[in-house]
Amino acid sequence: MFAFAKNRFSRRVVLALCCTVVACLTALSAQASDLETIEQRGTLRVAVPQDFPPFGSVGTDLQPQGYDIDMAHYLADQMDVDLKLVTVTSANRIPFLQTDKVDLVISSLGKNPERAAVIDFTEAYAPFFLGVFGTPEADPIDESAGLSGKTIGVTRGSVEDMELSDLAPSDTTIQRFEDNATTISAFLSGQVSYIATGNVVAAQIAERNTERAPTMVFQIKNSPCYIGLTQDNDALKARVDALIEQAKQDGTLESMSQKWFHTALPDDLSS
Amino acid sequence: MTLDFSTLLPYTDVILEGLVTTLWLTVVTTVVGIALAVVVAYFRDSASDTARDGRPSLVGRLLGGYVEVIRNTPFIVQLFFLFFGLPALGISISAPVAALLAMILNLGAYTAEILRAGIDSTLKGQHEAARALGLSRLQSFRHVVLVPAFSRVYPSLISQCIIVMLGSAVVSQISVFDLTYAANFIQSRNFRGFEVYLVATAIYLLLAVGLRLLFEFVGRRLFAYRQGGSA
Amino acid sequence: MTDFTLWDIVRNLMLAGRWTVVLSLIAFTGGAIVGLVLTLARMGGLKPIRWLIRLYVDLFQGTPLLMQLFLAYFGAAVLGFDVSAWTAASVALTLFTSAFLCDIWRGCVEAVPSGQWQASRVLGLNYLQSMRHVILPQALRLAVPPTVGFSVQVIKGTALASVIGFVELTKAGTMLNNAAFAPFTIFALVALGYFILCYPLSRYARHLEKKLYGAGIR
């Protein structure tokens, strides 16, 4: 019906499409930012959690606050650059680093072989014990075989997800949620009777929900938090490591621990 | 970064498991959702005896409210409400049940509207004539109103079922092991997000095409007798 | 730990609701522009172009919006673009909207009787002139109700941007729920927020449709 083709117009569209295809095929790789780039830019971009109290959550003004956010502020202050906080979920914090959306991930990141294959870690900056938590009435479990038949909620892609997937018996149902907020909501709603998470997170939930306070029934492992950065970024890694060491020495970490965890740092993290 | 699909191979069974869930969710939703839509359309059919004074009955109005609420709020919010909100009232439903319920309520609401458009275009006189010939209200609704309405709106119905199938990707957000959940799971294990999502998207596209062909085949069978005369 | 009053929740949801509105406007405006270009190109273009646009429309209509968002978000980075949640959500929703609008509008242009085309060509109008003065004004009348109706789908579509971390109404809901834990109230309020945005548009679309078809144009 509409056979009155306008050839000039069509050709331009074809040309544009070809250009797009070529641009896509050349598939440039995202160049990671090193220490020099950050200093030139004058801004440190840090991925922090917004759904993981006390490491990072939102106040009534929806601004992020918590241990990880304080850590990010500390690093930016010491490096004498501005700070840009980027809130991430557990699932997308590594892609953020890989695609150079951020320079550092300070997001209660635990170390495991899968992650070590794609990113680098600094020294540990925060304590973290992973466990399976149940309601106050739940019975303690001595070994992983005791998880048999239970349904456990966990945040997809987190260290506890990896660990639990490895050690849980095959008839344990692991329900994976997109982010920590959803995992915690699922536990508080009673949608799952158990969750795998960190001790400090559980303590925080317990503080606000006494009737369904998560109680540790099984300890998975001691998994302190590390700051994540891209591989082969040695100058930045050395700088951050030095600042973490300094924070351990001058009591900065200790006071952050008191402020957010209401407890002293464990021995392996204090000076 | 270059594309590398080989890292997906060890996860074939994960993708299959997700695919199976997506398929059965879609099948159950299609059957129950369309049945729900017929019931809703029946009670909202202003030409039937449920509305003697010409205004919708109370049931009709309540169902109208249901249709409007579903059509004017996002599926993901409905899902969160069913999964997280209802337990606060003591009604706890599992993730797959919440997903299925939300999908059925959605297809039901949209299909009821689609059917209504088909029903509205049925001439009032035909319905009255059928009643005069001694057909019961249900019989007349079924033969004179519903079947012609179905064949008239069948193309829209196909599209709606496909939309609901594609929308089911969102149920992964409440931990239902569907195709998207499988893709997310693999992404969190091999950090190859783009490749995983490309493959999952391609599978969804194939599902959509397959579903359309299947529906068209069924439609040709169901409404075959009408095609010759009225078209 | 901070305590949230009902007002804190409502206030934060309203603040986040602004971004739902902004994102919807971006997606709708962008989608309308791209959709219009595609519709025109599809009507007048060569066969391969028509075929390509049809493929484009089928691709976006045949895949989940959630996947489109994931691909825009993680895929753009692989292709070398630095994309924020804002850009990814805007781009994905714009493309999604353009595909659906292109399809809706093609239907409207085709609904204009072909005699109108032939008549305007006989009168000496060229393709663009016939399009502008004869076909589009008629198609436009047919296009308004379904376009307004589709805007509701765009608003609801923005809720999925929450999954890639874009803080709009739905994301604010899950964030607040994590801090205040009142899922029933919070998700009911979130749903109410969308209903307030969408319902008037739905009603208006239906009203326009009745007016159009009630007037006997078919």
Side-chain angles (χ1 to χ4, degrees), chain B residues 1-3 22 67-89 91 113 117 120-121 159 162-163 165-173 179-180 183-184 187 191-209 211-212, chain C residues 20 58-80 103 149 152-153 155-163 168-171 173-174 177 181-203 206 209 213:
Chain B
M1 280 174 115
T2 44
L3 295 183
T22 296
V67 170
E68 292 301 337
V69 167
I70 295 291
R71 285 166 51 95
N72 290 296
T73 53
F75 180 60
I76 191 171
V77 176
Q78 296 160 11
L79 213 49
F80 282 163
F81 183 79
L82 288 175
F83 189 66
F84 297 122
L86 284 190
L89 297 185
I91 310 162
E113 275 299 285
D120 281 350
S121 57
S159 302
I162 291 173
I163 287 174
M165 186 274 288
L166 296 175
S168 77
V170 177
V171 304
S172 59
Q173 297 302 306
L179 187 52
T180 306
N184 283 338
Q187 184 270 331
F191 304 108
R192 285 278 177 186
F194 192 59
E195 289 91 330
V196 178
Y197 293 127
L198 264 186
V199 168
T201 307
I203 297 178
Y204 274 111
L205 189 63
L206 288 178
L207 280 181
V209 173
L211 204 60
R212 180 171 291 280
Chain C
T20 292
D58 284 351
L59 275 180
F60 280 93
Q61 292 192 339
T63 56
L65 176 58
L66 187 61
M67 283 291 150
Q68 295 163 20
L69 281 161
F70 278 139
L71 283 176
Y73 198 48
F74 293 118
V78 175
L79 299 176
D103 203 35
V152 172
Q153 303 301 325
I155 296 177
K156 296 200 302 179
T158 63
L160 291 188
S162 64
V163 177
E168 38 62 78
L169 192 47
T170 306
K171 185 75 188 175
T174 54
N177 186 42
F181 196 69
F184 188 83
T185 319
I186 289 174
F187 290 119
L189 284 171
V190 170
L192 180 68
Y194 283 103
F195 192 81
I196 292 171
L197 291 176
C198 295
Y199 186 62
L201 285 169
S202 295
R203 278 298 288 267
R206 205 169 309 148
E209 207 170 313
Y213 293 117

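Residue numbers begin at 1 in each chain, while the letters A, B, ... track the order of the sequences. Values reported hereafter were calculated over all heavy atoms of this structure, with side chains retained and with hydrogens, waters and symmetry mates removed. All of these numbers come straight from a predicted model, not from anything done at the bench.
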(Q) Given heavy-atom pairs under 4.5 angstrom as the criterion, report whether the side chain, backbone, both or neither of B:Ile70 touches chain C. (A) backbone

**Q.** Which atoms of B:Ser159 approach chain C - backbone, side chain, both or neither, heavy atom under 4.5 Å
**A.** neither

Q.
Between C:Val190 and B:Phe80, does the side chain to side chain contact (heavy atoms under 4.5 Å, CB included) criterion hold? Intermediate values first, please.
A. CA-CA 10 Å; C:Val190 170; B:Phe80 282 163; over 6 Å; no

Q: Write down the atom of B:Ala208, the atom of C:Gly62, and the distance for their closest heavy-atom approach.
A: CB-O, 3.6 Å

Q: Kindly compute the distance separating CG (B:Asn72) from CD1 (C:Ile196), expressed to the nearest 0.5 Å.
A: 11.5 Å

Q: Would you check if C:Pro64 and B:Leu179 make a side-chain contact, meaning some heavy-atom pair closer than 4.5 Å?
A: no

Q. Which region of C:Ser162, side chain (C-beta onward) or backbone (N, CA, C, O), has a non-hydrogen atom less than 4.5 Å from a non-hydrogen atom of chain B, or is it both or neither?
A. side chain

Q: Can you tell which part of C:Gln68 gets under 4.5 Å to a heavy atom of chain B, answering side chain, backbone, both or neither?
A: neither

**Q.** From CZ (C:Phe70) to OG1 (B:Thr201), nearest 0.5 Å
**A.** 10.0 Å

Q) How long is the span from the CG atom in C:Leu59 to the CG atom in B:Leu205, to the nearest 0.5 Å? A) 6.0 Å

Q. At a heavy-atom separation under 4.5 Å, does B:Gln173 approach chain C through its side chain, its backbone, both, or neither?
A. side chain

Q.
Restricting to non-hydrogen atoms, name the atom on C:Met67 and the atom on B:Ala183 that form the minimum distance, rounded to 0.1 Å.
A. CE-CB, 4.3 Å

Q: Please state whether the side chain, the backbone, both or neither of B:Leu89 comes within less than 4.5 Å of a heavy atom of chain C.
A: side chain

Q: Of all the heavy-atom pairs spanning B:Ser172 and C:Leu66, show the shortest one and how long it is.
A: OG-CD2, 4.2 Å

Q) Which bit of B:Ile76 comes within less than 4.5 Å of chain C, counting heavy atoms only: side chain, backbone, both or neither? A) side chain

**Q.** Distance in Å, B:Thr73 OG1 paired with C:Tyr194 OH, rounded so as to fall on 0.5 Å steps
**A.** 10.0 Å

Q | Residue B:Val69 versus chain C: region with a heavy atom under 4.5 Å | A | both

Q.
Would you say the ring centers of C:Phe184 and B:Phe81 fall short of 6.0 Å from each other?
A. yes

Q) From C:Arg206 CZ over to B:Glu113 CD, what is the distance, rounded to the nearest 0.5 angstrom? A) 5.0 Å

Q. Picking from C:Thr158, C:Ile155, C:Leu201, C:Leu160, which has the most non-hydrogen pairs under 4.5 angstrom with chain B?
A. C:Leu160

Q: Would you mind checking which part of C:Leu65 comes under 4.5 Å of any heavy atom in chain B, side chain (CB onward), backbone (N, CA, C, O), both or neither?
A: neither

**Q.** Value rounded to 0.5 Å, distance of CZ in B:Arg71 from OH in C:Tyr199
**A.** 10.5 Å

